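Scroll down for the structure; my scribbles are underneath it.
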Amino acid sequence: NFPQGLSLSSVVATLGADNVRVLQVTDLVKCSAVAIDCNRTRVTLLAPALASPGDKTFSVSAPGMSAPLTFAITFEPPCDFQALCTAKSQLVNYRRLLDAP
């Protein structure tokens, strides 16, 4: 369980060696002290802009945690469809992009 009742300044997040801004910490479900694995907390992060694609590892730590929470994401830079299509004298099919991103 993630510790409950934390302030923004007590939660530290990193992406590799870079610090990540913690935007919000919200306790969604708080259980009694004898309950097992039922607390739920949402931690909202603002990831920095990344120049190169690949696997990146986030780490989140806070007081009361025995070890940092780590998780990997695969980053792929977005495509500028408007510029790509304009260069080829085509139109962006927004509906298709929304249906199958």
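Keep in mind the model is a prediction, meaning the values are calculated, not measured.
- Residue pairs that meet the ring-ring contact (aromatic ring centres under 6.0 Å, His included) test with at least one member in residues 1-23, sequence neighbours left out, do not exist here.
- Evaluation of the salt bridge (Lys or Arg N to Asp or Glu O under 4.0 Å) rule for R40 yields D37 as partners, not counting sequence neighbours.
- Counting only residues at least two apart or on different chains, the disulfide bond (SG atoms under 2.5 Å apart) pairs with a member in residues 38-71 are C31-C38.
- Within the structure, ring-ring contact (aromatic ring centres under 6.0 Å, His included) pairs that include any residue of residues 16-52 do not occur (at least two apart or interchain).
- Within the structure, the salt bridge (Lys or Arg N to Asp or Glu O under 4.0 Å) test picks out no pair touching residues 19-30 (sequence neighbours left out).
- For R42, there are no salt bridge (Lys or Arg N to Asp or Glu O under 4.0 Å) partners, not counting sequence neighbours.
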For residues 12-19, dump all side-chain donor-acceptor pairs below 3.5 Å to protein atoms at least two apart in sequence or in another chain.
none

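- Contacts of F58 classified as ring-ring contact (aromatic ring centres under 6.0 Å, His included), with partners at least two apart in sequence or in another chain: F71.
- Listed by first and then second residue, the side-chain hydrogen bond (donor to acceptor under 3.5 Å, both in side chains) pairs that reach into residues 58-74 are D55-T74, sequence neighbours excluded.
- Among pairs with a residue in residues 3-27, none fulfils ring-ring contact (aromatic ring centres under 6.0 Å, His included), at least two apart in sequence or across chains.
- Listed by chain and number, the hydrophobic cluster partners of L23 are L46, where partners are ILVMFWY side chains within reach of under 4.5 Å, directly or through others.
- Residues satisfying the side chain to side chain donor-acceptor pair (under 3.5 Å) criterion with S89, sequence neighbours excluded, are absent altogether.
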